[in-house]
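Order of the sequence lines fixes the chain letters, A, B, ..., with proteins taken first and strands second; residue numbering starts at 1 for each chain.
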Amino acid sequence: MNMVFSEEQRLLADTARDFLDAHCPVAALRRLRDGRDALGYDPEVWRQMVDLGWTAIPFPEALGGLDFGYSGMGAVFEQMGRTLAASPLFATVVLGGSALSLGGTPEQQAAHIGPIIAGDRRFALAVDEGRRHDPAAIALAARRTEAGYTLDGEKVFVLDGHVADWLVVAARTAGRAGEQAGLSLFLVDAKTPGVERQRNRVLDSRNAARVRFNGVRVDAAALLGQADAGWALLDEILDRGRACLAAEMLGMGQWLFDTTMHYLKERIQFDVPIGSFQALQHRAAWLYAELELARSTVMAGLAAINADAGERRQLVSLAKAKMGAVLERISGEAVQMHGGIGVTDELDVGLYLKRGRVARHVFGDNDFHAQRYGEGIGLLEAGV
Amino acid sequence: MNMVFSEEQRLLADTARDFLDAHCPVAALRRLRDGRDALGYDPEVWRQMVDLGWTAIPFPEALGGLDFGYSGMGAVFEQMGRTLAASPLFATVVLGGSALSLGGTPEQQAAHIGPIIAGDRRFALAVDEGRRHDPAAIALAARRTEAGYTLDGEKVFVLDGHVADWLVVAARTAGRAGEQAGLSLFLVDAKTPGVERQRNRVLDSRNAARVRFNGVRVDAAALLGQADAGWALLDEILDRGRACLAAEMLGMGQWLFDTTMHYLKERIQFDVPIGSFQALQHRAAWLYAELELARSTVMAGLAAINADAGERRQLVSLAKAKMGAVLERISGEAVQMHGGIGVTDELDVGLYLKRGRVARHVFGDNDFHAQRYGEGIGLLEAGV
Amino acid sequence: MDDLDAFRQEVRQWLDAHCPAAMRVPGPEEVVMGGSQAVFATVEQQHWFERMRDKGWFAPGWPTQYGGGGLDAQRVRVLEDEMRRMKCRVPQVNIGIWMLGPVLLEFGTEAQKQRFLPPMTRGEQGWCQGFSEPNAGSDLASLKMAARADGDHYVVSGAKIWTSGADKADWMYALVRTDAAAPKHLGISLLLIDMKSPGITVRPIELISGASKFCQVFFDDVRVPAENLVGPVNGGWAVAKRLLQHEREAMSKMGDLNLPTQCELVPTVRRFLADGAAPGDRAIRQRAVACAMDEHAYHLTVARMGQQAKARMDVAGLMAIVKLVHTEQDKRKSAVLIDAMGNRGLGWEGEEFTEDELATVRQWLLSYTLTIAGGSSEVQLNIIAKRVLGLPGN
Amino acid sequence: MDDLDAFRQEVRQWLDAHCPAAMRVPGPEEVVMGGSQAVFATVEQQHWFERMRDKGWFAPGWPTQYGGGGLDAQRVRVLEDEMRRMKCRVPQVNIGIWMLGPVLLEFGTEAQKQRFLPPMTRGEQGWCQGFSEPNAGSDLASLKMAARADGDHYVVSGAKIWTSGADKADWMYALVRTDAAAPKHLGISLLLIDMKSPGITVRPIELISGASKFCQVFFDDVRVPAENLVGPVNGGWAVAKRLLQHEREAMSKMGDLNLPTQCELVPTVRRFLADGAAPGDRAIRQRAVACAMDEHAYHLTVARMGQQAKARMDVAGLMAIVKLVHTEQDKRKSAVLIDAMGNRGLGWEGEEFTEDELATVRQWLLSYTLTIAGGSSEVQLNIIAKRVLGLPGN
């Protein structure tokens, strides 16, 4: 499992860092938030990301991509985490793009991947229906009709759901909620009658929407992958998302850590820098150790995207859980070590705390992934 | 819930402290250990404890006791914890005595409580059969015969099991392992044919035995309390034991804490007392806070022995779990803060670590009691 | 029946007759902040405020000549006990009375007492405390706000931060630097500043949890009469230390505010987890049980502290851990709640989320503030290590 | 094929021909401790020892004149890589070679090299390290063991502690105080002491986990020839620092000992929990999962360190956390195992318990030692804070 960036990936990361520092610093997110921007991202910045080739990174060359894989994608997401950059890259390229490249027919791929790479079409993945992530619990019904399928049900916390042109919808075509079998994925044009979307105002000032499907009719060609056997496909798409979220969280954790270390060296109390207090030093040293441990899991998780499913599941869950736990700890310590200023909206630390909470939740929080990992090593029985 | 010792209880504690310092210091346990003493306690010291009236503390005056209750008993056990005093007080008076005073017929009480108070008869309570504490799982069978009952099965980790004159045996007379219903308690003379006892050499150098019951016949008068309905009685006996164990652990925790604070002030490294290092100071301050929190739960647990069963269960489980967790933490920190000397057999700290591990285990460890508490507040479903 | 018992009877009867029933149960209303901008949420709140004021019981232990109740220490204790027993709400929050007043009585000139105490006991003047500065947090004595003597005035320049309620207060008692050349503890004075003085700008601080009562206050050549200086010039540090000794008392009064418990952990977790189980819920339930046990231990400890105090046992050690334990537990508890809520705990505003859900999210964010404000956890740990455990300084 | 590749081929063939199959798998046998008291558990172990010795590969990089292999650094690396790849066990443990030898080569006189190096490379002399003292733990430089000059001898008095293997060693390299008046770092010298000298008493230390390899060594006017001093008089601190730089390397060799993994967490927990469930088992399983994840992250990090080193990236930061993380994780892991075992984890000796169970209990107790020995966790944290994070001294 290679956990060191290649020369190529390092170059990608450096470029991303320079670009984001210049064009998408934390102040950009603040502007989107304070202006209650309807889109939730800056289309100008998005266009530039497309021009930099980020939308092409994970796709095979045959589909017009750069074939840089998920370690390359992770390199970019880590940098996006550093500046809390908001963009459609995650929902459109990682989620929508993976759904198509892993499950799409040649026709579906031909129709959509070009526009995705060109930055002309946005996607969203509609999975969760309940309070916490639980793909097996999907109940949204897709009933077979003569012309295709009719979708009825509701999805919550759909990232970019309100701006997406197309939705990838995980639906139940057989079995009962709680079963892995019986799921199918569908490609649904967001303008289809019966699709109702409502953006939520959430903690990280980004995009999440409730999406209702009221008798939404799609034709048979909307099916992505095999009917009733969508679980493995969904699981693989989600793992790509989870790995990229972990990479983003790594960037956030590193920023919080660096910023806090800087503050410890600069802030004077009792005539000395507070970083000279041994109690803070030991806590800082532990944060460093934990962050390095988490970094290893994130790098391994990204590298495991192309491994066999069993290994991929373990390493991705390890990365998401470990990075989530470490980010929670670092966020808390960053706030506490900054003292009073740390809890003001003026300091950026709070924005990382909030985005961190959302990123930890999406596609399974620490508890979800510890459970999944524990089942994988046979220490926990399956189920909730 | 009174959590402050009365004048009377404080006097009891002071007397106990003076007596134990003089006659039963940690060195006494060391002697029993290194001499591989067969009895596991010093009969001379035990005789003196009897003379001090400790065996009479919890019994009502009508039964010849002092009626000082369990707060009084706790005051003594806290002091015994301070010096790791080994004696039959726990198994004989707290467990055997409670079985008789709560469940015994007047005849049974008349036959046994006098000798117990006089220090002439030792008891043991035989409960556990498996790896971890689980009274509902009792499987040892007591079959009804014409003359009484026949006991078949095996008990493990029976405290004082190999020295006891009488055994209180929790057995199944109905139902299946895992059910609370169907349990009964029996008073069994340890010399009854078919009783086989084997002392184990355990971590804390005290007494624990495996006891086998091979077709052990007892008459009907051996039944303690009601047949098949022994659960509530057993539960109450166990809670008394748990509360006293928590008190003993409190004394151990306080000794470890005091000893470690003393060391922090005395031990010089880098030309200053190590207690001046802020990282250790903060950890010490947390230990203090945790120990005080645990002290409150222990005092409340002792006071709750006579409360209604629901409140008693919650407060006793809270005390055993919280004190167990705090003792684990303090033991670890005491070793670590003592550095190299802390891991030598020469220093007493290691003896507290070992006894602490056993005391945490007996009659339910932290996990058992967190589960029991969680069921009590309706956050965890019953079961394992 | 001795005098004190008779007084207790009298207090009971008076409270029973004058404290409205609605003021004897936890209520959702905001507490009345005493001062010219006091707002009453209900008529009962206003009645209770006025009756206590007219009785002189806003400051029951102060001399009657300053509008106090003129009670001796024993009687003040009886009154407080009875109010607590009957669960009467504190009629107003006023740090002027709770913190500044006792210091004025001890260090103030007669003219200062005459001028400042009566408006407090009438609940007409609200006070704020100007201690912390942007570069003087835990290290309070490093404060820099300058007060330069200019004839019979001081000219004050600088800034204060974390001033609770500065936007509503009529006056501020502030620590200022009157001698920049002296060692840091020896150049500080306590000055009373009219918040309407020209040159003062108040800016509320927005926290990560949203709007707050905390403010930043800027002083741009603000002229303050020299007669407003309390205690000796450059002797303000001793006065401030005295004043902070009353903080604990004030805190305990805040504890008697009879507010509804902010968030009941167990029923809240149960409610959030009721809608079907998701993978990992079990672990969340176990963390919630751990939090519930910790909280239980905390409440028992507070009760034990009361019992020990009653038995005249030392409670200094327990007092020293209360704030630390409470706020750190609160942070852990809030985190468990947020975990239990899943995406219901990620809302910021809007109709998607219930008020309850949004409040819990804000409460979670606020929990990060509580381990910092009012003496950070690190300061608490230092105090325990040194004053309670007697560990050597470093 | 260049020279190095040719050498690699040669090494492979030689190892293949000379390293017994039994020495290429983890074995239950104790490792051979080089020295006059070396014990071989199996004939294969002895063969492997003798063949490596005769090849000069106990110290492959040392000059052949001292019995070394005479290989350059690249070739030494190739040999080590190949041994690791083929899982050949380290043929002996010898801190004389691993730690003292390089320092003798650098600082020693020619006579010292002639005298001490060849017996090491022949595996005939075992060494122990006399650094720590009862009152000099983390603060090593405060050591007090005195070496008083007396003609062409030093007379050594004092005590060393935590001396691993002192009861089996032939020689000790010891830090001694040769100038009591100088500042503490400037009065220390490095002295080589024959353990058979009159006046030396060795007492093994019993740990909470039972018997140990650690000893306390007492020196009662022990006469040591002055020619056994390494480096300048009173210049021992610099020599010792140099020597400790080799400790990491030695530690990594210990890592290559190819011992059976001490305790596999997951199968062990599964085995202990297999016999029916008890209340609370679920919580233990979850803690075991958390430990397994932490351990997984640790192993990935060690692997990443290797990858980064290969890519010529900086690994100083990762090196600094390895010991801390590994030993602290081990302590938590052992605690979970003990919890899982219930009363099966409370045994000390005797037939009631299986060997496996007793070993796990001892291992749990030993885990407390590992966060202290070889640089306590606190020392590791200080080092990370200062050297890696660059936080200011206090």
Relative to chain D, which segment of [X] carries a heavy atom at a distance below 4.5 Å: side chain, backbone, both, or neither?
X        : result
B:Phe157 : side chain
B:Val156 : side chain
B:Asp271 : both
B:Arg206 : neither

Residue among [options] with most heavy-atom pairs under 4.5 Å to chain D:
options                                : result
B:Arg199, B:Arg372, B:His338, B:Arg357 : B:Arg357
B:Val349, B:Leu353, B:Leu380, B:Ile341 : B:Leu353
B:His133, B:Arg267, B:Glu346, B:Gln198 : B:Arg267
B:Ala136, B:Gly374, B:Gly340, B:Ser205 : B:Gly340

Looking at every heavy atom in both [X] and [Y], which two are closest together, and how far apart are they?
X        : Y        : answer
D:Asp281 : B:Arg131 : OD2-NH2, 2.9 Å
B:Asp134 : D:Pro279 : CG-CD, 3.4 Å
B:Lys354 : D:Leu365 : CE-CD1, 3.8 Å
B:Leu203 : D:Gly345 : CD2-O, 4.3 Å

Among the options [options], pick out the one with the most heavy-atom pairs lying under 4.5 Å from chain B.
options                                : value
D:Ala283, D:Ser212, D:Gly347           : D:Gly347
D:Asn343, D:Leu207, D:Ile161           : D:Asn343
D:Ile338, D:Ile205, D:Val361, D:Leu140 : D:Ile338

So with a 6.0 Å cut-off around [atom1] of [X], is the heavy-atom count from everything else above 12?
X        : atom1 : answer
D:Arg271 : CZ    : yes
D:Lys168 : NZ    : no
D:Lys213 : NZ    : no

Does a side-chain heavy-atom distance below 4.5 Å link [X] with [Y]?
X        : Y        : value
B:Gln336 : D:Glu378 : yes
D:Asp339 : B:Arg360 : yes
B:Arg132 : D:Ile284 : yes
B:Thr344 : D:Phe214 : no
B:Met337 : D:Ile372 : no

Of the backbone (N, CA, C, O) and the side chain (C-beta and beyond), which part of [X] lies under 4.5 Å from a heavy atom of chain B, both, or neither?
X        : result
D:Leu381 : neither
D:Asn382 : neither
D:Leu346 : both
D:Ala141 : neither
D:Ser132 : neither

*Step by step, would you call B:Val202 with D:Trp348 a side chain to side chain contact (heavy atoms under 4.5 Å, CB included)?*
CA-CA 5 Å; B:Val202 290; D:Trp348 183 247; 5.6 Å; no
*asked:* Quick one: does any side-chain atom of B:Gln269 pair with a main-chain N or O of D:Ser138 as donor and acceptor, under 3.5 Å?
replied: yes
*To the nearest 0.5 Å, what is the distance between CD (D:Gln286) and CG (B:Asp367)?*
10.0 Å
